[in-house]
Asker: 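Mind having a look at this structure? Questions to follow.
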Amino acid sequence: MRLTPNQLEAFDREGYLFFPGLFSPEETKTLIDAVPELYARREAYNVREKGSEAVRTNFAAHMYSEPFAKLARHPRMIQPVEDLLGEKLYMHQFKINGKMAFEGDVWQWHQDYGTWLNDDMMPTERAMNVAIFLDDVNEFNGPLMFIPGSHKRGVIDAKHDLTTTSYPLWTVDNGLISQLVDRAGGKSGGMVSPQGPAGSMILFHSCLVHASSSNLSPWNRVSVYLSLCAVSNYIRRHKRPEYIAHRDFKPIECLPDDCLLKDYAVDMPWENGMPASALQTSLDPIRAEVAV
Ligand code: SIN
Ligand code: MN
C-alpha cells in the first residue's frame, strides 16, 4: 500500500493518518483469537495492570506467535512507513495493549520518541508508530487521543513517571498539554480521537503527543502497536530488556498482502522461549554491527 500526495501532506500537517477498516474481519480474527493464550502466559513480557491480573501490554509477540510474526511483515503497514521515512525499517518495539473492559488503566500524555531517546538512545525521531485495532474502538473504551500538529514541536521536556501506572513512561506536564491543545484549536480540533471498527489502522509520528483514558466500559480495547525505526536510526543503548526495545536491526522484508489468511513461513526466534540474553541490560552505549 502506497500513500497519495494528499495523504503525505496530511501526515506532515497533522502528524497522523487514519485508515478505518483496513484489515478485514477475517484477517483481524486470526490476530484477536491468538491473544487470550498469549495473555495467559506467566512471562516477563506480559506486564499486568497495577493491582490487577489484566494484561496492560504484551511485548514482542512477533518473536513467538505466528499470526503476529506475519503481521509484523505486512505490506499494508510497512510500505507506507517506508514511504514516509524514505528508508528500510526494523522493528524497534511490538506490543499488544489490552485496555481490558473495566480494568484498562490510563496512558498518560507522552511522546513515544521521548522514551526512545531517554531510555534507548535512539538518535533521531525517524521512527513511526502504527496502531491496529483488534477490537472496535469507541468513545467509551479508552480510545487514543492526539493533539494534532504537536509533532512539529519536536522533542518536548518530559519527566519519568514511575508511579501512576504499572509501566514507567516519560510523560508531558499538564500545563504544556493545555497550551498545546489551545494552539491546536482548543475545543475546535485541539484534540482528536480516531475511532472505528476492529481492523482499522493509525500511523502516527513518534513526536505526536498522545494519551488514552481508562476503560470503564464492558468492551475490551485490544490494539497492536508497532514501532518501526529507520535502519540507520538504530538504538545506541540496551538500557531496557530486548523484549521491550529490540536489538535486531535487520531490515524487515514484507510478505504478500494475503499473508494473514494463507500459510507463509516466518521466522519466530523465541518460539520455544525467550533467551536469557533478552533480559540483560546495560547503561553503556553500544556500537552495533549494522550495514546501512
Ligand atoms: C501507547 O501510547 O503506547 C499506548 C496507548 C494506548 O494503548 O492507549
Ligand atoms: Mn505511546
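For ligands, and for the atoms within them, numbers begin at 1 and follow the listed sequence. Along the sequence shown, the residues carry numbers beginning at 1.
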Asker: Check each atom of ligand 1 against the heavy atoms of Asn97 and keep those under 4.0 Å away; list them by number with element.
Answerer: 4 (C), 6 (C), 7 (O)
Asker: Could you tell me which N, O or S atom of Asp112 is nearest to the Mn ion (ligand 2)?
Answerer: OD1
Asker: What do you reckon, does Tyr225 have a nitrogen or oxygen under 3.5 Å from a nitrogen or oxygen of ligand 1?
Answerer: yes
Asker: Give the contacting part of Leu144 toward ligand 1: side chain, backbone, both or neither, where contact means a heavy-atom distance below 4.0 Å.
Answerer: side chain
Asker: Distance only, no hydrogens: is a donor on one side chain within 3.5 Å (strictly under) of an acceptor on the other, for Ser217 and Asn141?
Answerer: no
Asker: Test the Arg236-Tyr234 pair against the cation-pi criterion, namely NZ or CZ under 6.0 angstrom from the six-membered ring centroid and within 45° of the ring axis.
Answerer: yes
Asker: Is the distance from the ring center of Phe146 to that of Phe18 below 6.0 Å?
Answerer: no
Asker: Should you measure from each heavy atom of Ser212, which atoms of ligand 1 turn up under 4.0 Å away?
Answerer: 6 (C), 8 (O)
Asker: Should Arg76 and Asp257 count as an ion pair when the cut-off is N to O under 4.0 Å?
Answerer: yes
Asker: Would you please classify the geometry between the Phe204 ring and the Tyr225 ring as parallel, tilted or perpendicular, with 30° and 60° separating the classes?
Answerer: perpendicular
Asker: If you look at His210, which of its N/O/S atoms is nearest to the Mn ion (ligand 2)?
Answerer: NE2
Asker: Show which atoms of ligand 1 fall inside a sub-4.0 Å distance from at least one heavy-atom site of Trp107.
Answerer: 1 (C), 4 (C), 5 (C), 6 (C), 7 (O), 8 (O)
Asker: If the plane angle is over 60° it's perpendicular, under 30° parallel, otherwise tilted; pick one for Trp219 and Phe140.
Answerer: tilted
Asker: With a 6.0 Å cut-off on the ring centroids, do His210 and Tyr16 count as close?
Answerer: no
Asker: State the atoms of ligand 1, each with its element, that fall below the 4.0 Å cut-off from a heavy-atom position in Lys95.
Answerer: 3 (O)
Asker: Would you kindly specify which portion of Gln111 sits under 4.0 Å from ligand 1, judged on non-hydrogen atoms: side chain, backbone, both or neither?
Answerer: neither
